[in-house]
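Structure record follows, encoded as structure tokens.
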Amino acid sequence: MRVLVLGGDGYLGWPTALHLSDCGHQTAVLDNFARRGYDEELGVQSLVPIEDLDTRIAAWHEVSGQRITAYTGDLLDADFVYRVLAEFKPEAIVHFAEQRAAPYSMIDRQHAVYTQHNNVIGTLNLMYAVAELDPSIHLVKLGTMGEYGTPNIDIEEGWLEVEHNGRKDRMLYPKKPGSFYHLSKVHDSHNLEFGCRIWGLRVTDLNQGIVYGQQTPQTAQDVRLATRLDYDAVFGTVLNRFVIQAVLGEPLTVYGTGGQTRGLLDIRDTVECIRLAVEHPAEAGEFRVFNQMTESYSVGQIAQLVSECFPGPVQVEHLENPRVEQPEHYYNVKHTGLVGLGLQPHLLSETLIESLFDIVAANKDRVDLNALLPTVRWKGGVKTS
């Protein structure tokens, strides 16, 4: 199958492209390298050194014999999007090409507007290109479990059967996102579902939990194939950040009480979920939703698990929560769709955490300790008199 991975230079886009290529798919990647630009803006860097895209692609060809085609450009450039789709003629598109950090979107008005414009308009350009050039293309869009928020009812896989005043209907599950980033993903989901209804698009929306880990079987084959590992308080995910803090002898920074519960999955499961979605496409006109997670933990439980696994003393420090969110809440998520397609999850284990400890220890000199502490506050980006 011909698969185009948008955002193919990123933390998850790059290992996804390798996994698809390794499974025999003719793979291309597209990126504008905005993620590397965020590092320059924030004055941070990936904990693990990463090569430029050309070096990565050449290394993959050397290691595997497989070729990956690269396109450099921006989804905000509609002419470019149309040109790439007409040239590569993908049968499936995997869409990672969005600003993905909630804290980044909450820095101030400028960052909120940038996030919404970049994410929503880029996806609209992609939708129109698919609808006009080849509506049979299967679009696999990476969403987030954060779209749902933390409702006091079970979270279904995208859809909800509703009975109101004696009448029933099937509706998109109501969303209660917690940042302008998460809101942009909700807008994407609504736009894509609309495109399925009016144009007959075929879309799989993967509402992904927090991803942990840094290596897949493909990236582990050569140091030049490594994907990034973010540790800072803006782009670093909670488990990865706790592991880094433990190795450095820094307190694990738990926001608030630590009762916030999140869905998690291993990076190896992320790439496999995408393969399964690609190889089992949605039907024409179908907006299909999978909750892409394998288990859930509270932030406090994650900190405890890291503390128990680390071979040394670990302190936990509770900070004032910079976010606006419920400190304790109900969280029960249905996530059977991908398992039904054959996913065999890697559940969080001591072995995985210990492997992360080794990766961090080998690169600890690259850490800026100041970047570990939260500087973005959800109410801090609004100027009041």
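This chain uses plain numbering: 1 for the first residue, then up along the sequence.
Taking CG of Leu183 as the reference point, atom CD of Glu147 lies at 9.5 Å (rounded to 0.5 Å). Of the inter-residue distances, the one linking Phe88 atom CZ with Arg83 atom CZ reads 16.0 Å to the nearest 0.5 angstrom. A distance of 6.5 Å separates CG of Leu53 from OG1 of Thr72, quoted to the nearest 0.5 Å. For the atom pair Leu75 CG and Asn32 CG, the distance stands at 7.5 Å (nearest 0.5 Å). The CG atom of Asp74 sits 9.5 Å away from atom CG of Asp31, with the distance rounded to the nearest 0.5 Å. The distance from atom CZ of Arg288 to atom SG of Cys196, rounded to the nearest 0.5 Å, is 10.5 Å.
Atom CZ of Phe310 has more than 12 heavy atoms from other residues, nucleotides or ligands within 6.0 Å. More than 12 heavy atoms of other shown residues, nucleotides or ligands fall within 6.0 angstrom of atom CD in Glu132. At most 12 heavy atoms of other shown residues, nucleotides or ligands fall within 6.0 angstrom of atom CZ in Phe194. With a 6.0 Å radius and a threshold of 12 heavy atoms from other residues, nucleotides or ligands, Glu308 has its CD atom above the threshold. The number of heavy-atom neighbours closer than 6.0 Å to CD of Glu163, taken from other residues, nucleotides and ligands shown, is above 12.
Checking Glu98, Arg100, Gln99 one by one against Thr115, the side chain to side chain donor-acceptor pair (under 3.5 Å) holds for a single residue, Gln99. Looking at Asp9, Asp222, Thr219 one by one, the single match for side chain to side chain donor-acceptor pair (under 3.5 Å) with Arg56 turns out to be Asp9. Test Asn152, Thr150, Ile155 against Tyr330 for side-chain contact (heavy atoms from CB on, under 4.5 Å) and you get one pass: Asn152. When the options Thr144, Asn207, Asp205 are evaluated for a side chain to side chain donor-acceptor pair (under 3.5 Å) with Ser189, the one that passes is Asp205.
Note: the hydrophobic cluster containing Leu12 also contains Val29 (ILVMFWY, side chain heavy atoms under 4.5 Å, direct or indirect links). Residues Leu133 and Tyr71 share a single hydrophobic cluster, defined by chaining ILVMFWY side chains whose heavy atoms lie under 4.5 Å apart. Taken together through direct or relayed side-chain contacts under 4.5 Å among Ile, Leu, Val, Met, Phe, Trp and Tyr, Val3 and Trp14 form part of one hydrophobic cluster. Residues Tyr231 and Leu264 are members of one and the same hydrophobic cluster, defined by side-chain heavy-atom contacts under 4.5 angstrom among Ile, Leu, Val, Met, Phe, Trp and Tyr. The hydrophobic cluster containing Leu338 does not contain Met145, counting ILVMFWY residues as joined when their side-chain heavy atoms lie under 4.5 angstrom apart, directly or transitively.
What you find for Ala101 and Tyr181 is that their closest heavy atoms are O-CB, 3.8 Å. Residues Ala303 and Leu252 come closest through the heavy atom pair O-CD1, 3.6 Å. Annotation for Met293 and His335: closest pair O-ND1, 3.3 Å, computed over non-hydrogen atoms. When all heavy atoms of Leu265 and Gln292 are compared, the pair lying nearest together is CD2-O, 3.5 Å. Among all heavy-atom pairs drawn from Ala371 and Val44, the shortest one is CB-CG1, 3.7 Å. Nearest heavy atoms, His25 versus Thr27: O-OG1, 3.0 Å.
Without hydrogens or angle criteria, Arg202 side chain to Ala282 main chain gives a donor-acceptor distance under 3.5 Å. Of the possible polar contacts, one joining the Ser355 side chain to the Leu352 backbone as a donor-acceptor pair under 3.5 Å is found. Remark: side-chain polar atoms of His117 are not paired, donor with acceptor, to backbone N or O of Val113 under 3.5 angstrom. Between the His138 side chain and the Val140 main chain, no donor and acceptor come within less than 3.5 Å of each other.
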Step-by-step salt bridge (charged side-chain N to carboxylate O under 4.0 Å, His left out) determination, Glu279 to Arg275: CA-CA 6 Å; Glu279 294 180 357; Arg275 181 191 70 81; 2.5 Å; yes
Chi angles and distances behind the salt bridge (charged side-chain N to carboxylate O under 4.0 Å, His left out) call for Arg262, Glu325: CA-CA 12 Å; Arg262 301 289 184 262; Glu325 58 187 357; 2.6 Å; yes
Intermediate values then yes/no, salt bridge (charged side-chain N to carboxylate O under 4.0 Å, His left out), Asp52 and Arg36: CA-CA 10 Å; Asp52 61 68; Arg36 295 177 186 251; over 6 Å; no
Worked verdict on Asp108 versus His111 for side chain to side chain donor-acceptor pair (under 3.5 Å): CA-CA 6 Å; Asp108 54 22; His111 288 80; 2.7 Å; yes
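For the pair Thr69/Glu87, no side-chain contact is recorded, criterion being any heavy-atom separation below 4.5 Å from C-beta on. In this structure, the side chains of Val367 and Glu250 stay at 4.5 Å or more apart for every pair of heavy atoms. Under the 4.5 Å side-chain criterion, counting only non-hydrogen atoms from C-beta, Leu4 is in contact with Leu85. Ile274 is listed as a side-chain neighbour of Thr270, based on a closest heavy-atom distance under 4.5 Å. Residues Tyr11 and Ile267 have side chains in contact (heavy-atom distance under 4.5 Å, counting atoms from C-beta outward). Residues Pro281 and Glu286 have side chains not in contact (no heavy-atom distance under 4.5 Å, counting atoms from C-beta outward). Two residues are said to be in side-chain contact when any heavy atoms from C-beta on lie closer than 4.5 Å; Met1 and Val278 meet this criterion. You'll find the side chain of Tyr255 stays beyond 4.5 Å of the side chain of Val299, heavy atoms only.
Phe96 does not carry Arg35 over the face of its six-membered ring by the limits of under 6.0 Å from the centre and within 45° of the normal. Taking the centre and axis of the six-membered ring of Tyr38, the NZ or CZ atom of Arg228 falls outside the cone set by 45° and 6.0 Å.
By the 4.0 Å N-to-carboxylate-O rule, Glu156 lies close enough to Lys334 to be salt-bridged with it.
Between Phe235 and Tyr104, the angle of the ring planes lies from 30° to 60°, which puts this pair in the tilted group.
Between Tyr173 and Tyr148, the distance separating the two ring centers is shorter than 6.0 angstrom.
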